[in-house]
Amino acid sequence: MLKQNNHSNRRIVLASRPKGAPVPDNLRLETADLPHPDDRQVLLRTVYLSLDPYMRGRMSDAESYSAPVAIGEVMGAGTVSRVVESKHPDYKTGDWVLNYGGWQDYSLADGKALKKLDDDLLAHPSWALGVLGMPAFTAYMGLMDIGQPKTGETLVVAAATGAVGSVVGQVAKLKGCHTVGIAGGQDKCRYAEEVLGFDTCIDRRADDFAQRLAKACPDGIDIYYENVGGAVFDAVMPLLNTSARVPLCGLIAQYNMQALPEGPDRLSLLMGLLLRKRIRIQGFIIAQDYAHHYDEFIQVMAPWVKQGKIQMREDIVDGLENAQQAFIGLLQGKNFGKLVVRVGNDSL
Ligand code: NDP
């Protein structure tokens, strides 16, 4: 039973900055008065809340491309919501919108930060946070613009059953690549091969992970779509081919780190490799680098999803009160698919 009511607003705020991995006490569930819309504002009720790895960065005040959440402030998040009350001429009660409402039952928005859901999405509104939203957009642009896949090339991606990696693998397959996924555990690997269509998927937790990866890539790696860093990158590095491309999307294995890991001098190793093999690594931030390509992405992805060429799996957690634990689990690989919290009912 979802607990939203129309008298008060439950919200989750940042209580303290994590030291290393976040713990439940870093986030606090509190209740506030229901906000009221001013002229040209709408009051929105959150139905789906997206949980994404970048939120770990916002909990920290280390230098980043985006400002941190302040202590006591509501955690930010992409949300799919319904309009409850509108004082904006373009929106009416009941409309479904994509907004950045944060970890709370209700939020206010002006028209600028809102996007009405296309009719196609009304049957699956949560897809606006995944396969037809930011994560798939990230997958598509990083792969196509930086990875530049060609028929017969070998692509490797980790977090292969997640929101970004699952789309990377499937688009690369549609482009004719040999696709090798990396995922945490046998269930995820089986799903990656049987449903997502990866040629092979390797369990990153296996003792002989590096050997298995090398065996799965007999012709080396032409595109390594980087989602995780850490030990996975150590295993990938020696397999990179001359002229390989590495879209640097995320480094989730490092998000909770407080100091550099012990081990070899990776930077010197990497610099030598980049030089000898003329490898191109390029970081990107989807919202800042590619926002102007969004329509182009949707025009390609929406038909693929409709035709069943792109499969997706959602990991839906019920109840705002369970968001903290779900987010902590995301950083440990406990999610299986795009992680979404169902905060309220679909109906008005
Ligand atoms: P996922 O849905 O893939 O969930 C995260 C997954 O990361 C986990 O399920 C787990 O998968 C894997 N993981 C967690 N901890 C580790 C670890 N220590 N070592 C290796 N793998 C780990 O998340 P998303 O698809 O939303 O995000 C994937 C990456 O893309 C993240 O790094 C994220 O920050 C980045 N990103 C970057 C954007 C940009 O603009 N540059 C935009 C959006 C996302 P498993 O158990 O299968 O290994």
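As the structure is a computational prediction, the values presented were derived from the model and not from experiment. When a ligand or atom number is given, it counts from 1 through the structure's own listing order. For the single chain, residues carry numbers from 1 onward in sequence order. Below, all heavy atoms of this structure are taken into account, side chains as well, without hydrogens, waters or symmetry copies.
Regarding atom 46 (O) of ligand 1, its nearest protein heavy-atom neighbour is K188 NZ, 2.9 Å. At the shortest separation from atom 34 (O) of ligand 1 among protein heavy atoms lies Y255 OH, 2.7 Å. Among protein heavy atoms, the minimum distance from atom 6 (C) of ligand 1 is reached at A159 CB, 3.9 Å. From the protein, the heavy atom lying nearest to atom 26 (O) of ligand 1 is P53 CD, 3.3 Å. V164 CG2, 3.9 Å is the protein heavy atom nearest to atom 44 (C) of ligand 1. Atom 3 (O) of ligand 1 has its closest protein heavy atom at G162 CA, 3.3 Å. G333 CA, 3.5 Å is the protein heavy atom nearest to atom 10 (C) of ligand 1.
Ligand 1 does not have V232 within reach: every non-hydrogen atom of the residue lies 4.0 Å or more from it. Ligand 1 has C249 within reach: a non-hydrogen atom of the residue lies less than 4.0 Å from it. Residue contacts with ligand 1 leave out K334, since none of its heavy atoms falls under 4.0 Å from the ligand.
In this structure, R313 satisfies the cation-pi test against Y191, with its NZ or CZ atom closer than 6.0 Å to the six-membered ring centre and inside 45 degrees of the ring normal. Seen from the ring of F198, K173 does not count as a face-on cation partner, given the 6.0 Å and 45° thresholds.
Cluster membership check: I310 shares its hydrophobic cluster with F336, using side-chain heavy-atom separations under 4.5 Å among Ile, Leu, Val, Met, Phe, Trp and Tyr.
D222 and N241 share a side-chain donor-acceptor pair at under 3.5 Å. When only modelled atom types and interatomic distance are considered, N26 and S16 share a side-chain donor-acceptor pair under 3.5 Å. Side chains of R45 and Q4: a donor on one and an acceptor on the other come within 3.5 Å. Side chain to side chain, D52 and S50 meet the donor-acceptor criterion of an N or O pair below 3.5 Å.
Within ligand 1, counting atoms from 1 as listed, the ones closer than 4.0 Å to a heavy atom of N335 are 1 (P), 2 (O), 4 (O), 8 (C), 9 (O). Interface atoms of ligand 1 facing G184, defined by a heavy-atom separation under 4.0 Å, are 45 (P), 46 (O), 47 (O), 48 (O). Heavy-atom proximity to I285, at under 4.0 Å, picks out these atoms of ligand 1: 40 (O). With ligand atoms numbered from 1 in the order given, ligand 1 contributes 4 (O), 5 (C), 8 (C), 14 (C) to contacts under 4.0 Å with heavy atoms of L330. Taking every non-hydrogen atom of G250 and a distance limit under 4.0 Å, the qualifying atoms of ligand 1 come out as 32 (O), 35 (C). When each atom of ligand 1 is checked for a heavy atom of M134 under 4.0 Å away, the hits are 42 (C), 43 (C). Atoms of ligand 1 found under 4.0 Å from any heavy atom of V228 (numbered from 1 in listed order, with element): 20 (C), 21 (N).
Contacts between R204 and ligand 1, counted as non-hydrogen atom pairs separated by less than 4.0 Å, involve the side chain only. Within the 4.0 Å heavy-atom criterion, neither part of K338 lies near ligand 1. Heavy atoms of T138 found under 4.0 angstrom from ligand 1 belong exclusively to the side chain. For I286, heavy-atom contacts with ligand 1 shorter than 4.0 Å involve the backbone as well as the side chain.
Ligand 1 has no nitrogen or oxygen under 3.5 angstrom from a nitrogen or oxygen of I182. Residue T161 places no N or O, backbone or side chain, under 3.5 Å from any N or O of ligand 1. Inclusion of N227 in the set of residues having an N or O under 3.5 Å from an N or O of ligand 1 is warranted.
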What donor-acceptor contacts under 3.5 angstrom involve side-chain atoms of residues 27-38, with partners at least two apart or in another chain?
from	atom 1	to	atom 2	distance (Å)
R28	NE	E30	OE1	3.4
R28	NH2	E30	OE1	3.4
E30	OE2	R11	NE	2.9
E30	OE2	R11	NH2	3.0

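One option in F284, F336, Y65 has a heavy atom closer to atom 39 (C) of ligand 1 than any other, and that option is F284. In this structure, of L251, L331, L248, I252, the residue bringing a heavy atom nearest to atom 7 (O) of ligand 1 is I252. Of the listed options A183, G142, A163, A253, A253 places a heavy atom closest to atom 18 (N) of ligand 1.
Salt bridge R17/D61: present, at least one basic N to carboxylate O contact under 4.0 Å. A salt bridge links D234 with R266: at least one charged nitrogen is closer than 4.0 Å to a carboxylate oxygen. Salt-bridge annotation for K306 and D120: present, with a side-chain N of the basic residue lying under 4.0 Å from a carboxylate O of the acidic one. We find that D105 and R10 are joined by a salt bridge, their nearest charged nitrogen and carboxylate oxygen being less than 4.0 Å apart. Comment: R342 engages D318 in a salt bridge, judged by a side-chain N to carboxylate O separation of less than 4.0 angstrom.
Within the structure, side chain to side chain donor-acceptor pair (under 3.5 Å) contacts touching residues 324-333 (residues at least two apart or in different chains) are Q332-K334.
With Q148 contributing its side chain and D145 its backbone, the two residues share a donor-acceptor pair below 3.5 Å.
Counting heavy atoms of neighbouring residues, nucleotides and ligands inside a 6.0 Å radius, atom CE of M271 does not exceed 12 of them.
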